[in-house]
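Each residue takes its place number in the sequence, starting with 1. Computed from a predicted structure; not experimentally measured. Reckoned from all heavy atoms, side chains included, excluding hydrogens, waters and symmetry mates.
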Amino acid sequence: MARTFDDLVAEAEAASVEGWDFSWLDGRATEQRPSWGYQRLLRERLAQVGAALDLQTGGGEVLAGAAPFPPLMAATEGWPPNLAKATALLHPLGAVVVAAPEDPPLPFADAAFDLVTSRHPVVPHWAEIARVLRPGGSYLAQHVGPASVFELVEYFLGPLPEAVRRGRHPDDERAAAEAAGLEVVDLRTERLRIEFHDIGAVVWFLRKVIWMVPDFTVDRYRDRLRDLHALIESDGPFVAHSARSLVDARKPR
């Protein structure tokens with residue numbers, strides 16, 4: 001028997017959105033993964049260095065899956081619920097987790113790390129990344145690309161300006177990295193299919209990824225959510241596309 005709109009929404013509102021674990025969506029939403037396998041690449045790079053820093057580590061889940069770590073492994077996180085979760089997860093694996101805001105400066109000395117990494121940073125602060133890298137060191141990251149999941153975003157917000165849709169464009173990121181003195185070795189972008197199979201998955205996703213629809217609450221968008229529920233019930237999953245970029249940059253020796 002099909003579950004009602006109210007039941008699905010109430011369940012999604014009550015579910016925890018702490019950390020950066022998306023397993024609550026298992027069976028309710030799917031997302032195609034980038035072909036390059038970021039966590040595998042991260043594990044390979046960590047095995048080659050003596051000191052590494054993971055920026056905006058979230059709940060530490062991605063970094064933990066790339067263990068074992070080099071002799072010096074640090075991670076930063078600024079949101080208190082994620083900070084507590086990352087500390088509990090990463091400390092036993094040998095990483096120190098540092099409370100640090102997303103905005104610069106980073107609380108580390110110049111040339112402190114052989115490798116800086118990040119998965120889905122809000123904003124990559126290129127000058128700080130270059131500053132804390134040793135000569136010859138690398139930045140390896142997976143960034144969110146332009147107009148990611150905008151089918152869903154614009155369903156709620158309406159059409160957005162082209163300047164907003166272009167945000168995080170890989171050409172702009174390349175230029176910013178090079179302006180900070182880094183050499184971009186590899187930069188790839190893919191668009192990947194996402195399917196939301198019920199309205200609860202949409203509600204939970206927008207509660208967790210708060211920058212997608214910044215003013216999102218169920219009460220504010222209840223009518224729009226109800227219409228989307230009816231659309232999914234009649235036509236099947238709501239389809240959107242994420243954008244992901246792999247960035248590999250090096251600080252000259």
Side-chain angles (χ1 to χ4, degrees), residues 1-34 38-39 56-62 64-65 77-86 88-89 119-122 142-161 164-165 167-168 190-244:
M1 182 176 177
R3 300 181 64 191
T4 69
F5 170 81
D6 289 335
D7 285 346
L8 290 166
V9 169
E11 181 187 22
E13 279 195 292
S16 172
V17 291
E18 291 186 0
W20 206 238
D21 178 10
F22 283 76
S23 61
W24 192 87
L25 292 176
D26 290 352
R28 312 183 74 144
T30 59
E31 180 179 1
Q32 184 184 2
R33 297 300 180 191
Y38 174 73
Q39 193 173 58
Q56 300 177 36
T57 199
E61 298 91 349
V62 174
E77 176 56 33
W79 193 45
N82 276 348
L83 183 65
K85 187 169 185 179
L89 183 61
R119 181 180 180 271
H120 303 173
V122 176
Q142 181 173 292
H143 290 184
V144 176
S148 188
V149 202
F150 265 37
E151 297 94 337
L152 185 64
V153 171
E154 293 186 329
Y155 178 87
F156 290 97
L157 299 182
L160 295 173
V164 175
R165 297 184 61 85
R168 309 183 189 207
E190 295 180 355
R191 294 195 69 80
L192 306 157
R193 183 181 176 92
I194 297 176
E195 295 184 356
F196 295 94
H197 292 264
D198 68 62
I199 199 63
V202 172
V203 169
W204 188 87
F205 178 80
L206 293 178
R207 288 182 60 228
K208 189 175 186 74
V209 191
I210 57 175
W211 52 87
M212 287 288 177
V213 181
D215 65 344
F216 178 80
T217 66
V218 168
D219 287 343
R220 180 174 285 116
Y221 287 101
R222 187 173 294 276
D223 290 345
R224 204 71 180 122
L225 288 166
R226 196 177 293 277
D227 290 345
L228 183 53
H229 170 70
L231 184 67
I232 293 172
E233 291 285 290
S234 64
D235 295 352
F238 182 88
V239 176
H241 296 84
S242 64
R244 299 288 181 260

**OP:** Please test Tyr221 against Leu157 for side chain to side chain contact (heavy atoms under 4.5 Å, CB included), starting from the C-alpha separation and ending with a verdict.
**Re:** CA-CA 10 Å; Tyr221 287 101; Leu157 299 182; 3.4 Å; yes
Is a side-chain donor or acceptor of [X] paired with a backbone partner of [Y] at a separation under 3.5 angstrom?
{"X": "Glu190", "Y": "Arg244", "value": "no"}
{"X": "Arg207", "Y": "Ala12", "value": "yes"}
{"X": "Ser148", "Y": "Ser242", "value": "no"}
{"X": "Glu77", "Y": "Gly59", "value": "no"}
{"X": "Glu154", "Y": "Pro159", "value": "no"}

Using 0.5 Å steps for rounding, measure from the [atom1] atom of [X] to the [atom2] atom of [Y].
{"X": "Arg220", "Y": "Phe156", "atom1": "CZ", "atom2": "CZ", "result": "12.5 Å"}
{"X": "Tyr38", "Y": "Arg119", "atom1": "OH", "atom2": "CZ", "result": "8.5 Å"}
{"X": "Arg28", "Y": "His197", "atom1": "CZ", "atom2": "NE2", "result": "11.0 Å"}
{"X": "Thr30", "Y": "Arg193", "atom1": "OG1", "atom2": "CZ", "result": "7.5 Å"}
{"X": "Ile210", "Y": "Asp215", "atom1": "CD1", "atom2": "CG", "result": "12.0 Å"}
{"X": "Trp79", "Y": "Lys85", "atom1": "CH2", "atom2": "NZ", "result": "10.0 Å"}

Taking all non-hydrogen atoms of both residues into account, name the closest pair between [X] and [Y] and its distance.
{"X": "Val9", "Y": "Val218", "result": "CG1-CG1, 3.6 Å"}
{"X": "Ile194", "Y": "Glu31", "result": "CG1-CG, 3.6 Å"}
{"X": "Gly60", "Y": "Ala86", "result": "N-CB, 3.9 Å"}
{"X": "Glu61", "Y": "Asp21", "result": "OE2-N, 3.6 Å"}

Is there a side-chain contact between [X] and [Y], using heavy atoms and a 4.5 Å cut-off?
{"X": "Phe216", "Y": "Val202", "value": "no"}
{"X": "His143", "Y": "Pro121", "value": "yes"}
{"X": "Leu152", "Y": "Leu228", "value": "yes"}
{"X": "Arg3", "Y": "Asp198", "value": "no"}

Only distances under 3.5 Å count here; give the side-chain donor-acceptor pairs of residues 229-239 to other protein atoms, sequence neighbours excluded, each with its distance to 0.1 Å.
{"unit_1": "Ser234", "atom_1": "OG", "unit_2": "Ala230", "atom_2": "O", "d": "3.1"}
{"unit_1": "Ser234", "atom_1": "OG", "unit_2": "Leu231", "atom_2": "O", "d": "3.2"}

Original post:
Quick check: are there more than 12 heavy atoms from other residues, nucleotides or ligands sitting under 6.0 Å from CG of Leu160?
Top reply: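 Correct, the count exceeds 12.
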Original post:
Is Asp223 atom CG crowded by more than 12 heavy atoms from other residues, nucleotides or ligands, each under 6.0 Å away?
Top reply: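 No, not enclosed.
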**OP:** Using distance alone, with no hydrogens and no angle criterion, decide if Ser23 and Asp26 have a side-chain donor and acceptor under 3.5 Å apart.
**Re:**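 Judged by distance alone, the side chains do not pair up.
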**OP:** Apply the test side chain to side chain contact (heavy atoms under 4.5 Å, CB included) to residues Val17 and Trp24: give CA-CA distance (whole Å), side-chain angles for both, the deciding distance (0.1 Å), then the verdict.
**Re:** CA-CA 9 Å; Val17 291; Trp24 192 87; over 6 Å; no
Subject >> side chain to side chain contact (heavy atoms under 4.5 Å, CB included) between Arg222 and Phe5, intermediate numbers included >> reply: CA-CA 10 Å; Arg222 187 173 294 276; Phe5 170 81; 4.0 Å; yes
Original post:
With respect to Phe196, which candidate in Trp204, Phe205, Tyr155 satisfies the ring-ring contact (aromatic ring centres under 6.0 Å, His included) definition?
Top reply: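 Checked Trp204, Phe205, Tyr155 against Phe196; only one passes ring-ring contact (aromatic ring centres under 6.0 Å, His included): Phe205.
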**OP:** Please lay out, stage by stage, how Val203 and Leu8 fare under the test side chain to side chain contact (heavy atoms under 4.5 Å, CB included).
**Re:** CA-CA 9 Å; Val203 169; Leu8 290 166; over 6 Å; no
